[in-house]
Number of protein chains: 2
Amino acid sequence: MVRVQAIMGIIRDCDLEKMEDANFMQVMIERTVKLMDLTLLKTVSHKFTPQGLTTVALLSESHIAIDTYPEEKLMLVDVISCGQKDAKIVLDIMEDMLGGITEIIFDKMIEGN
Amino acid sequence: MVRVQAIMGIIRDCDLEKMEDANFMQVMIERTVKLMDLTLLKTVSHKFTPQGLTTVALLSESHIAIDTYPEEKLMLVDVISCGQKDAKIVLDIMEDMLGGITEIIFDKMIEGN
């Protein structure tokens, strides 16, 4: 039976420079994936003009998506995971690396039929 | 102020052949994006062995992610949108194109500071 954790959070008051740095985001995703015992398949990102960055990591266990809103120093993190560990860890790591404050807006275990 | 709709749904009893078809998913995303008046930046997908497909569309207005679970004939659709139209439309279009039944598991308007 499918068993997937869907968690979404806002991280406020993030470091602006890091939020705009696609390489930093890549490193952050790699660290997160490693600590969560997940498998990274590929990462895709898009840098907006004049600011903003969307980064999505495709995983063997689903995906992590990050949308940044530098104008308000916040980012939205969306994780769907069928990994073994609590995906809340993803938000904890990102909060720590970006110096922000997380507000979980949704955390649900979704089960199949 | 950031104003983003986050909606997630399960579509059950989907057409199995379509769920496994990356080209069909691409067409479905393009149709969805057009009807929602969104702007598609790029699509990335990964086909799992023996089955399963993850497709993520990066939009100017955030993203749409689809994870399929053919073993249970269901897919999980995750939309973050700062577009003008109700993102529930995304699920309606996909439900129609895949012949499934949608269960909304989360639908929230997220506002910034």
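Note on naming: letters A, B, ... go to the chains in the order of the sequence lines (proteins, then strands), and numbering restarts at 1 for each one.
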ILVMFWY network linking L40(B) to M94(B), side-chain heavy atoms under 4.5 angstrom: yes
Residue L59(B) versus chain A: region with a heavy atom under 4.5 Å: backbone
Best-contacting candidate, D78(B), T54(B), V56(B), against chain A by heavy atom pairs under 4.5 angstrom: D78(B)
Atom pair CD1 (I105(B)) and CE (M109(A)), whose distance is rounded to the nearest 0.5 Å: 11.5 Å
ILVMFWY cluster, I101(A) and I11(A) together (side-chain gap under 4.5 Å): no
Closest heavy-atom pair and its distance - S45(B), L58(A): C-CD2, 3.9 Å
Validation row: I110(A), F106(B) side chains within 4.5 angstrom (heavy atoms): no
hydrophobic_cluster_shared for I29(B) and L41(B), side chain cutoff 4.5 Å: no
hydrophobic_cluster_shared for L74(A) and I7(A), side chain cutoff 4.5 Å: no
same_hphob_cluster(V79(B), M36(B)) at 4.5 Å side-chain heavy-atom cutoff: yes
Gap between atom NE2 of H63(A) and atom CD1 of I66(B) - 0.5 Å precision: 10.0 Å
Min side-chain heavy-atom separation M8(A)-M8(B) under 4.5 Å: yes
Within 6.0 Å of NZ in K34(B), more than 12 heavy atoms from elsewhere: no
Distance in Å, C82(A) SG paired with Y69(B) OH, rounded so as to fall on 0.5 Å steps: 5.0 Å
Segment of I80(B) engaging chain A (4.5 angstrom heavy-atom cut-off): side chain
